Novice: 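Structure below; questions to follow.
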Amino acid sequence: MRLKYGMHKLAVVCGLLAISVIMVSGCSGNGDKPDKQAATEPVARQYFIFDTVVNIKLYDDAKAEEHLDHIDTMLKALDKELSRTLEDSQLYKVNKEAGKQPVGVSEDTMVVVKRSIDYAEDTGGLFDPTVGGLVDLWDIGNEGAHVPAQEDLQRELNLVGYKDIVLDEAKRTVYLKRPGMVLDLGGIGKGYAADEVAKYLREEGVKSALVDLGGSSIIVIGSKPNGDSWNIGLQDPDSSRGISVGTIKLNDYVIDTSGIYERYFIEDGVMYHHILDPRTGAPAQNNLKSVTILADNAMDADALSTFVYVMGLEDGLQYMENLDSDMEAMFITTDDKIYVTSGLKDSFQISSDQYTLVE
């Protein structure tokens with residue numbers, strides 16, 4: 001018997017989609033001080049890019065509608081560059097011409113592909129943007145997903161290999177050496193799009209905004225309209241939407257979560273989630289329910305939340321602690337324990353009796 005159930009990555013309960021990190025509004029931490037945000041109606045817009053619903057909210061901005069129109073143009077342009085499924089996109093053409101010829105791409109596409117290769121090299125292939133064939137084979141999150149035949153799995157696994165991506169920066173081309181290779185920027189592309197949107201809003205002087213790209217990346221820009229920090233709750237992986245395990249306050253930051261509860265199916269009593277291990281071609285097997293990354297940019301957070309999950313608790317914690325940056329991480333294990341990197345030990349407040357924060 002097979003059961004399929006899919007969910008997005010993050011949740012914001014402040015008028016955005018209810019997905020897996022919770023924005024706790026009305027919790028300013030100032031006692032009975034009135035929350036001015038509650039009286040401030042944001043200007044919101046919903047978009048669709050990378051097969052994902054995008055929600056953006058702008059607060060206290062006279063040019064909000066103008067900004068949202070410009071963002072619509074930006075996202076449509078990025079979709080035609082980075083989408084793997086859009087048949088007139090640059091990435092679709094790169095994959096179609098695999099093993100045949102290089103394909104000219106935009107500066108945006110080149111930046112994202114280069115960053116993907118950087119992470120692939122840094123992780124020894126734990127993050128590999130050429131897993132597109134495996135993603136298609138498993139098809140997790142779509143109706144009919146099932147465990148593939150071993151010969152099909154091996155065929156697609158043999159086509160994974162970031163070292164066979166050839167970039168010509170002078171000519172600005174991307175070439176996949178072997179026919180059948182599939183470049184998939186889904187593990188980093190939405191983060192890049194979120195960063196571009198946030199960059200534009202900051203350049204335009206927007207002081208208070210929320211950018212949510214399908215839950216894969218949520219950026220809080222500035223503070224709440226009343227000057228308080230955004231109060232964010234981490235979704236309980238085992239509970240309904242809106243139930244958090246704890247909270248943290250953020251300004252001008254990104255939060256990104258990957259977890260086994262996002263997209264999965266169950267076949268013959270075994271759960272298969274969407275986070276694939278490029279070494280095996282199958283869903284990563286460890287004792288993690290989720291990994292949350294906090295960073296100053298969404299592209300890094302997007303990639304990290306994926307491959308740090310594949311690393312597992314011990315190696316993932318060590319990797320994050322060794323980073324020469326202010327990026328932080330939070331791990332929830334299947335035995336209901338929460339582990340955080342040192343920079344979060346004094347700022348994350350647990351709120352669930354089910355979970356234990358490991359000191």
Side-chain angles (χ1 to χ4, degrees), residues 8-12 19-23 115-116 118-120 122-124 126-127 187-188 190-191 194-195 213 215-220 229-237 244-262 273-277 284-352 355-359:
H8 289 291
K9 281 188 177 178
L10 300 174
V12 177
I19 20 185
S20 37
V21 166
I22 309 153
M23 194 71 64
R115 191 68 178 130
S116 294
D118 287 344
Y119 268 124
D122 188 47
T123 62
L126 283 185
F127 181 90
I188 197 170
K190 287 191 289 293
D195 285 336
L213 273 83
S216 294
S217 298
I218 290 180
I219 302 179
V220 294
S229 299
W230 299 101
N231 202 33
I232 296 180
L234 183 68
Q235 171 70 38
D236 182 345
S244 70
V245 300
T247 60
I248 188 170
K249 294 182 182 296
L250 295 177
N251 290 317
D252 264 325
Y253 226 55
V254 179
I255 186 165
D256 192 298
T257 296
S258 288
I260 61 175
Y261 54 87
E262 298 161 13
H273 59 78
H274 76 291
I275 307 173
L276 302 182
D277 186 334
Q285 297 298 317
N286 53 45
N287 294 318
L288 292 176
K289 289 182 182 179
S290 67
V291 171
T292 296
I293 301 295
L294 292 92
D296 60 6
N297 74 89
M299 185 160 62
D300 284 342
D302 205 5
L304 281 163
S305 68
T306 300
F307 73 74
V308 169
Y309 180 93
V310 176
M311 285 180 171
L313 176 62
E314 186 175 342
D315 290 344
L317 263 174
Q318 183 177 358
Y319 181 89
M320 292 301 301
E321 292 285 12
N322 290 340
L323 285 179
D324 185 20
S325 70
D326 59 356
M327 290 188 280
E328 304 292 344
M330 186 180 309
F331 301 76
I332 299 182
T333 60
T334 54
D335 59 355
D336 297 336
K337 293 179 180 177
I338 299 175
Y339 297 78
V340 298
T341 48
S342 54
L344 292 181
K345 288 189 181 297
D346 296 327
S347 56
F348 177 70
Q349 301 295 319
I350 193 166
S351 60
S352 172
Y355 293 89
T356 302
L357 181 61
V358 178
E359 299 294 338

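Please read all numbers here as calculations on a predicted model, not as lab measurements. Residues take their numbers from the sequence shown, with the count starting at 1.
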Novice: Would you compute the distance between atom CG of Leu304 and atom OG1 of Thr123 and round it to the nearest 0.5 angstrom?
Specialist: 10.0 Å

Novice: A side-chain contact here means heavy atoms from C-beta on lying under 4.5 Å apart; do Gln285 and Asp277 qualify?
Specialist: no

Novice: To the nearest 0.5 Å, tell me how far Ser305 OG sits from Ile255 CD1.
Specialist: 10.5 Å

Novice: Evaluate Arg115 against Asp300 for side chain to side chain contact (heavy atoms under 4.5 Å, CB included), listing each step before the verdict.
Specialist: CA-CA 9 Å; Arg115 191 68 178 130; Asp300 284 342; 2.9 Å; yes

Novice: For Leu288 and Tyr339, run side chain to side chain contact (heavy atoms under 4.5 Å, CB included): C-alpha distance rounded to whole Å, both residues' side-chain angles, the deciding distance at 0.1 Å, then the answer.
Specialist: CA-CA 11 Å; Leu288 292 176; Tyr339 297 78; over 6 Å; no

Novice: With rounding to the nearest 0.5 angstrom, report the CD1 to CG distance, Ile219 to Asn297.
Specialist: 8.0 Å

Novice: Assess whether atom CD of Gln318 is packed by more than 12 heavy atoms of other residues, nucleotides or ligands within 6.0 Å.
Specialist: no

Novice: May I ask you to check whether Ser229 and Asn251 show a side-chain donor-acceptor distance below 3.5 Å?
Specialist: yes

Novice: Decide yes or no for Asp296 and Tyr253: does some side-chain heavy atom of the first lie under 4.5 Å from some side-chain heavy atom of the second?
Specialist: yes

Novice: Would the distance check show the side chain of His273 and the main-chain N or O of Lys289 forming a donor-acceptor pair, the cut-off being under 3.5 Å?
Specialist: no

Novice: Whether the side chain of Asn286 engages the backbone of Tyr309 through a donor-acceptor N/O pair (distance < 3.5 Å, no angle test) should be reported.
Specialist: yes

Novice: Evaluate side chain to side chain contact (heavy atoms under 4.5 Å, CB included) for Leu313 paired with Asn287, printing each intermediate quantity in order.
Specialist: CA-CA 8 Å; Leu313 176 62; Asn287 294 318; over 6 Å; no

Novice: Measure the shortest side-chain to side-chain distance between Phe348 and Val245 over non-hydrogen atoms and say whether it is less than 4.5 angstrom.
Specialist: yes

Novice: Would you tell me whether Thr341 and Glu328 have side-chain atoms, one donor and one acceptor, within less than 3.5 Å of each other?
Specialist: yes

Novice: Are Thr257 and Met330 side-chain neighbours, meaning at least one heavy-atom pair lies under 4.5 Å?
Specialist: no

Novice: If you draw a 6.0 Å radius around CG in Asp335, do more than 12 non-hydrogen atoms from other residues or ligands fall strictly inside?
Specialist: yes

Novice: Under a 4.5 Å cut-off applied to non-hydrogen side-chain atoms, are Ile218 and Ile232 in contact?
Specialist: no

Novice: May I have the step-by-step check of side chain to side chain contact (heavy atoms under 4.5 Å, CB included) for Leu294 and Ile248, ending in yes or no?
Specialist: CA-CA 11 Å; Leu294 292 92; Ile248 188 170; 4.0 Å; yes

Novice: Students often mix this up, so state it plainly: with edges at 30° and 60°, are the rings of Phe127 and Phe307 parallel, tilted or perpendicular?
Specialist: perpendicular

